[in-house]
Amino acid sequence: MKQFYGEKTFGLIDCNNFYVSCERLFRPDLANKPVVVLSNNDGCIIARSNEVKKLGISMGAPYFKHKALIRKYNVTVFSSNYPLYGDISQRVMDVLMQMEPEVEVYSIDEAFITFPKGKYLDLENYAGFLKNTVQRDTGIPVSIGFGPTKTLAKIATWFAKKKSSTDSTFVMNDQHHLETLLAGVDVSDIWGIGRRYADRLKKQGVHTALALIQCNDTWIKKQLTIAGLRTVMELRGIPCISLEKAPPVKKSIGTSRSFGQPVHALSALQEAVATYTTQAAFKLRSRGLKASIIHVFIRTNSFRKEQAQYCNSKTLTLSESSSHTATLIKAALTSLKAIYQPGYHYQKAGILLSGLVPENYEQLHLFNAPDPSSISLMEAVDTINKRWGRDTIQSGAVGLIRDWCHRQLEKSPAYTTRWSELPIVKAAPPETFSVA
DNA sequence: TCTGGGGTCCTAGGACCC
DNA sequence: TCTGGGGTCCTAGGACCC
């Protein structure tokens with residue numbers, strides 16, 4: 001492979017229509033039938049079965065705009081069920097880690113692997129073996145691409161999905177002429193080139209990955225920054241992005257939601273912000289971290305051009321980092337009060353915690369002693385909420401009426417993560433299978 | 001009526017210091 | 001009246017990813 005530098009082969013394992021595949025695991029009657037999964041608040045379509053893709057419904061499309069089509073073609077609709085998807089994802093990753101020593105969990109539905117060039121004599125065969133093993137052990141169909149860099153492995157996976165053949169794998173090897181392959185890839189389909197950059201490149205006459213790798217490096221850096229230049233090097237076959245086996249240290253943790261209906265009152269925003277802070281603080285403690293910076297934002301609906309628009313945010317630095325829910329809520333509500341303006345239709349609020357340090361990292365305020373009772377209180381609350389559900393014990397600030405809560409009308413059960421929602425399999429005649 | 005959420009990285013520009 | 005230059009840090013905004 002003369003044009004490919006580097007000693008390693010990279011692979012990308014990408015779950016097909018992942019959220020839809022997860023829902024189908026427990027609804028085998030939906031195989032080969034059109035299915036979509038909605039975003040939070042049932043707002044956008046974020047996963048589509050192949051049948052739905054053929055109807056021309058695009059990724060991220062607003063649900064309400066396609067309701068008629070969805071009804072017409074009898075598409076089954078699910079609200080998103082992240083506990084289910086997270087659990088199935090873990091199973092897929094476990095299978096890969098049993099097969100390969102070097103695995104990077106890149107996202108909920110993708111993993112990179114890498115191994116020395118030449119480890120497997122027949123890469124096509126190995127890709128098929130990997131794919132079949134994941135499918136057999138988890139029920140999730142995947143596509144797999146191999147290439148000499150991560151970016152080219154991504155492109156190989158793109159070819160694997162594009163091919164109408166059933167094997168869903170693609171290996172970039174000596175038989176392929178890299179330039180011929182890249183001539184068939186639109187710049188917008190390159191990992192790292194988003195819509196803005198793609199538009200910009202096309203305006204200047206660069207339409208394909210092949211045209212891009214032939215551009216001058218200085219020009220590329222000016223157009224796409226150093227990150228874009230790295231992408232181009234990878235497209236040329238020079239590895240610049242390495243495999244990250246350990247998940248990177250978190251720099252921020254946030255929670256934000258759109259409301260189920262417009263919100264006007266400060267009191268409702270306070271409940272929402274307190275609720276999001278509670279959730280973020282729980283995530284913080286689950287990762288063994290404390291935060292010292294808390295950022296709160298509120299905004300109106302920018303799609304409603306006819307309405308008065310307002311968005312604002314405020315960042316507060318705590319005198320001492322904390323993971324204590326009440327402390328964080330107090331700071332969040334102080335910021336909220338400072339930015340709240342009456343008279344607007346608010347659509348979304350959120351909080352972002354940063355300045356994260358390990359919980360055992362002590363940087364005490366000169367005059368404040370730590371309160372050991374607050375630590376044991378939080379531990380008790382987390383234990384109870386893990387056992388009985390996350391709403392069991394909460395701060396009074398989160399409210400009781402909560403009419404701002406987001407919608408999730410079509411949610412499937414937490415089949416694999418909640419005892420009360422386990423699927424019940426009934427004995428059935430051969431060749432049929434039903435789930436109650 | 002109804003348009004997601006959670007992240008990361010890069011750069012430009014201002015503040016500040018010596 | 002005339003009034004430097006370089007380094008660092010921080011932040012906002014824009015780009016990207018799934």
Side-chain angles (χ1 to χ4, degrees), chain A residues 12-19 36-47 57-68 70 77-82 85-86 89 104-112 150-151 154 157 187-201 221-231 240-241 244 247-262 276 279-280 283-284 287 293 295 297 299-307 311-315 317 345 347-356 406-410:
Chain A
L12 178 68
I13 293 86
D14 188 340
C15 300
N16 298 343
N17 318 328
F18 182 55
Y19 298 168
V36 295
V37 177
L38 305 178
S39 64
N40 267 317
N41 217 24
D42 293 348
C44 295
I45 293 162
I46 54 166
I57 296 178
S58 55
M59 176 68 176
Y63 175 41
F64 74 91
K65 282 192 180 168
H66 294 289
K67 263 189 178 163
I70 281 170
V77 177
F78 291 97
S79 299
S80 39
N81 184 348
Y82 291 104
Y85 311 148
S89 171
E104 172 186 337
V105 178
Y106 176 66
S107 72
I108 195 164
D109 66 343
E110 283 171 74
F112 284 103
K150 274 181 158 181
T151 305
K154 270 267 186 189
T157 307
V187 284
S188 63
D189 291 318
I190 300 168
W191 184 46
I193 310 285
R195 219 188 56 215
R196 299 296 182 108
Y197 281 165
D199 288 351
R200 192 163 167 176
L201 289 170
K221 191 177 168 202
K222 189 161 165 252
Q223 299 297 320
L224 312 177
T225 80
I226 188 75
L229 182 56
R230 203 150 47 216
T231 294
C240 298
I241 308 173
E244 310 282 346
V249 179
K250 275 244 180 299
K251 295 179 175 164
S252 64
I253 289 176
T255 299
S256 64
R257 291 281 178 283
S258 295
F259 303 129
Q261 55 194 58
Y276 304 157
Q279 290 170 16
K283 292 184 212 170
L284 195 63
R287 295 177 173 276
I293 299 170
H295 178 84
F297 70 88
R299 66 171 339 137
T300 51
N301 188 339
S302 56
F303 290 100
R304 300 266 81 83
K305 304 262 187 250
E306 75 285 3
Q307 293 176 355
C311 87
N312 204 348
S313 66
K314 189 168 173 63
T315 306
T317 302
H345 306 283
Q347 181 247 349
K348 186 173 184 175
I351 77 134
L352 191 67
L353 302 173
S354 56
L356 307 184
H406 62 280
R407 290 178 302 266
Q408 276 202 305
L409 299 177
E410 317 283 352

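In what follows, every heavy atom counts, from backbone to side chain, and hydrogens, waters and symmetry copies are set aside. Letters A, B, ... are given to chains in the order of the sequence lines, protein chains preceding strands, and every chain is numbered from 1.
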Legend entry - Dot-bracket pairing map - DNA chain C, Watson-Crick plus G-U, both contacts under 3.5 Å, | cross-strand: ....||||||||||||||
Inset, instruction - Describe the nucleic acid contact of A:S252 in one word from base, sugar-phosphate, nothing, applying a heavy-atom distance below 4.0 Å. - result: sugar-phosphate
Legend entry - Toward the 5' end of DNA chain B, by each residue's nearest nucleotide, A:P248 or A:K65: A:K65
Inset, instruction - For A:I226 and for A:F64, locate the closest nucleotide of DNA chain B by heavy-atom distance; then report the residue assigned to the nucleotide nearer the 5' terminus. - result: A:F64
Inset, instruction - Check every strand shown and say whether A:I253 touches a base, only sugar-phosphate, or nothing at a heavy-atom separation below 4.0 Å. - result: sugar-phosphate
Inset, instruction - Verify, without hydrogens or angle tests, whether A:S252 (side chain) and A:L352 (backbone) share a donor-acceptor contact under 3.5 angstrom. - result: no
Legend entry - Heavy-atom neighbours of A:K221 NZ exceed 12 at 6.0 Å: no
Inset, instruction - With rounding to the nearest 0.5 Å, note down the distance linking CD1 in A:I45 to CD1 in A:I57. - result: 5.0 Å
Inset, instruction - Over 60° means perpendicular and under 30° means parallel, so classify the ring planes of A:Y276 and A:F259, tilted if in between. - result: parallel
Inset, instruction - Quick one: label A:Q223 by what it contacts on the DNA or RNA (base, sugar-phosphate, nothing), any heavy atom closer than 4.0 Å. - result: nothing
Inset, instruction - Considering only atom C1', compute the distance from C:dG4 to B:dC16 and round it to an integer number of Å. - result: 15 Å
Legend entry - Touch class at under 4.0 angstrom, heavy-atom based, for A:T315 against every strand present: nothing
Inset, instruction - Would you mind reporting whether A:L229 and A:L224 have side-chain heavy atoms less than 4.5 Å apart? - result: no
Inset, instruction - Look at all strands and tell whether A:K283 reaches a base, only sugar-phosphate, or nothing, counting heavy atoms closer than 4.0 Å. - result: sugar-phosphate
Inset, instruction - Look at all strands and tell whether A:N40 reaches a base, only sugar-phosphate, or nothing, counting heavy atoms closer than 4.0 Å. - result: sugar-phosphate
Legend entry - Touch class at under 4.0 angstrom, heavy-atom based, for A:Q261 against every strand present: nothing
Legend entry - Opening and closing nucleotides of DNA chain C in contact with chain A, under 4.0 Å to non-hydrogen atoms: C:dA15 to C:dC18
Legend entry - Mutual orientation of the aromatic rings belonging to A:Y82 and A:Y85 [parallel < 30°, tilted 30-60°, perpendicular > 60°]: perpendicular
Inset, instruction - May I ask you to say what A:I45 touches in the nucleic acid, namely base, sugar-phosphate or nothing, with a heavy-atom cut-off under 4.0 Å? - result: nothing
Legend entry - Sugar-phosphate, base or nothing in reach of A:I193, heavy atoms under 4.0 Å: sugar-phosphate
Inset, instruction - Indicate, with a heavy-atom threshold strictly under 4.0 Å, whether A:R200 touches base, sugar-phosphate, or nothing. - result: nothing
Legend entry - Side-chain donor-acceptor contact under 3.5 Å, A:T300 with A:H345: no
Inset, instruction - Select base, sugar-phosphate, or nothing to describe what A:Y63 touches, counting heavy atoms under 4.0 Å on all strands. - result: nothing
Inset, instruction - Check whether any side-chain heavy atom of A:Y197 sits under 4.5 Å from a side-chain heavy atom of A:T225, and report yes or no. - result: yes
Legend entry - Check ion pair A:K150-A:E244 (N to O, under 4.0 angstrom): no
Inset, instruction - Would you indicate what A:D42 reaches in the nucleic acid, counting non-hydrogen atoms under 4.0 angstrom: base, sugar-phosphate, or nothing? - result: nothing
Inset, instruction - Search all heavy atoms of A:S80 against all heavy atoms of A:N40 and return the closest pair with its distance. - result: OG-N, 3.7 Å
